[in-house]
J.: 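Structure incoming, see below.
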Amino acid sequence: MRPVGAPGRRVHGGVQRRDSEGRSITSETRLCDGGREAAPRSAATPVSDRSCGPCTLCCRVLEIQVLGKPAGILCRHNTGTGCGIYRERPEICARWHCLWRRVGALPDALRPDRSGVIFSLDSRPPAADAPEGACIVGRAVGDPQDLDRPETVEGFAMFVREGSLPVWKVSGRAATLLHPGLQLPPP
């Protein structure tokens with residue numbers, strides 16, 4: 001299902017969608033751990049010219065079990081400007097990138113330390129009663145009003161227009177489903 005007004009045209013049986021700047025956004029369906037998962041192709045690899053810079057918000061947001069670090073608590077290895085154990089950091093930290101690092105269509109203003117919102121590709125939704133599976137989550141790290149900034153609203157709209165995954169908005173313990181994603185047939 002495509003949201004009303006979402007730009008797109010048929011391409012090889014799929015729909016080609018574009019972000020607010022007219023850049024193509026595509027999706028693919030692949031098998032993952034025995035189940036079907038729709039993943040944005042643009043989220044496959046980090047954007048080569050984007051680095052974290054001084055942003056360390058993932059050090060607060062992520063749960064890192066191997067370090068005994070719960071989600072929402074600043075990692076004890078965070079120096080304020082980076083990771084104090086960067087060369088020996090856990091594999092999960094080395095592999096993880098926020099979607100600002102992976103999706104070039106997200107503007108520089110949406111780097112998490114600038115926007116106060118971190119977009120991520122999560123393996124399960126932030127609500128207990130939601131069906132399991134990959135989803136896009138935009139999470140306010142501090143001030144919930146950061147979710148209402150124009151560039152953040154446009155970031156959510158871009159993921160909704162792309163349409164392949166459920167899109168969630170999270171502030172504290174409140175999670176709102178903005179878009180249910182593709183309705184895939186059972187494997």
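Both backbone and side-chain heavy atoms feed into the values below; hydrogens, waters and symmetry mates do not.
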J.: Look up atom CZ in R101 and atom SG in C58, then write down how far apart they are to the nearest 0.5 Å.
T.: 9.0 Å
J.: CG of L74 to NZ of K69: how many Å apart, nearest 0.5 Å?
T.: 7.5 Å
J.: Quick one, E162 with I136, criterion side chain to side chain contact (heavy atoms under 4.5 Å, CB included). Give me CA distance, side-chain angles, the key distance, then yes/no.
T.: CA-CA 11 Å; E162 194 279 330; I136 303 292; over 6 Å; no
J.: Who passes side-chain hydrogen bond (donor to acceptor under 3.5 Å, both in side chains) against R149, sequence neighbours left out?
T.: E151
J.: Hydrophobic clusters join Ile, Leu, Val, Met, Phe, Trp and Tyr when side-chain heavy atoms are under 4.5 Å apart, directly or via other members; which others share one with V141?
T.: L57, V61, L62, I64, V66, L67, I85, I92, W96, I118
J.: List in chain and number order the residues that pass side-chain hydrogen bond (donor to acceptor under 3.5 Å, both in side chains) with S123, two or more places apart in sequence or in another chain; answer none if no residue qualifies.
T.: none
J.: With side chains defined as the heavy atoms from C-beta onward, is the minimum distance between R111 and P54 less than 4.5 Å?
T.: yes
J.: Listed by chain and number, what are the salt bridge (charged side-chain N to carboxylate O under 4.0 Å, His left out) partners of R60, not counting sequence neighbours?
T.: none
J.: Taking atom CD of Q145 as the centre, report whether more than 12 heavy atoms of other residues, nucleotides or ligands fall under 6.0 Å from it.
T.: no
J.: Using the rule given for side chain to side chain contact (heavy atoms under 4.5 Å, CB included), can you reason through T56 versus D113, listing the C-alpha separation, both sets of side-chain angles and the distance that settles it, and then say yes or no?
T.: CA-CA 7 Å; T56 61; D113 63 331; over 6 Å; no
J.: Is there a side chain to side chain contact (heavy atoms under 4.5 Å, CB included) between D122 and R139? Walk through the geometry before answering.
T.: CA-CA 11 Å; D122 289 8; R139 189 175 274 109; 3.5 Å; yes
J.: For P126 versus V170, what's the shortest heavy-atom pair and its separation?
T.: CG-CG2, 3.6 Å
J.: Distance check, rounded to the nearest 0.5 Å: R50 atom CZ versus C55 atom SG?
T.: 12.0 Å
J.: Could you note down all residue pairs passing ring pair (Phe, Tyr, Trp, His ring centres under 6.0 Å) where residues 126-150 supplies at least one of them, sequence neighbours left out?
T.: none
J.: Name all residues meeting the side-chain hydrogen bond (donor to acceptor under 3.5 Å, both in side chains) criterion together with D146; count only those two or more places apart in sequence or in a different chain, and write none if there are none.
T.: none
J.: Hey, what do you get for CG (L147) to OG (S115), rounding to the nearest 0.5 Å?
T.: 9.0 Å
J.: Check whether L177 and V137 end up in the same hydrophobic cluster, where Ile, Leu, Val, Met, Phe, Trp and Tyr are linked by side-chain heavy atoms less than 4.5 Å apart.
T.: yes
J.: Do the side chain of W100 and the main chain of P107 share a donor and acceptor less than 3.5 angstrom apart?
T.: yes
J.: D143: what forms a salt bridge (charged side-chain N to carboxylate O under 4.0 Å, His left out) with it, not counting sequence neighbours?
T.: none
J.: Tell me the ring pair (Phe, Tyr, Trp, His ring centres under 6.0 Å) pairs involving residues 54-91, sequence neighbours left out?
T.: none
J.: What closest approach, in Å, do C83 and R89 show between heavy atoms, and which atom pair accounts for it?
T.: SG-CB, 4.4 Å
J.: Measure the shortest side-chain to side-chain distance between L182 and S164 over non-hydrogen atoms and say whether it is less than 4.5 angstrom.
T.: yes
J.: Report yes if the side chains of L121 and R102 come closer than 4.5 Å at any heavy-atom pair, otherwise no.
T.: no
J.: Which residues pass the salt bridge (charged side-chain N to carboxylate O under 4.0 Å, His left out) test with D49, not counting sequence neighbours?
T.: none
J.: Grab the two heavy atoms, one from S171 and one from P144, that are nearest each other, plus how far apart they are.
T.: OG-CB, 3.2 Å
J.: Distance check, rounded to the nearest 0.5 Å: S51 atom OG versus H97 atom NE2?
T.: 11.0 Å
J.: Evaluate the side-chain proximity of T152 to L110: yes if any heavy-atom separation is below 4.5 Å, no if none is.
T.: yes
J.: With rounding to the nearest 0.5 angstrom, report the SG to CD distance, C93 to E88.
T.: 12.0 Å
J.: Which atom pair, heavy atoms only, marks the closest approach of P180 to P166?
T.: O-CG, 3.3 Å
J.: Show every ring pair (Phe, Tyr, Trp, His ring centres under 6.0 Å) that has at least one partner inside residues 101-124, sequence neighbours left out.
T.: F119-F156, F119-F159
J.: Just jot down the side-chain hydrogen bond (donor to acceptor under 3.5 Å, both in side chains) partners of D148, sequence neighbours excluded, or say none.
T.: none
J.: Among residues at least two apart in sequence or on other chains, which ones pass salt bridge (charged side-chain N to carboxylate O under 4.0 Å, His left out) with E91?
T.: R95
J.: Could you tell me which non-hydrogen atom of M158 sits nearest to which non-hydrogen atom of A105, and how far apart they are?
T.: SD-CB, 3.5 Å
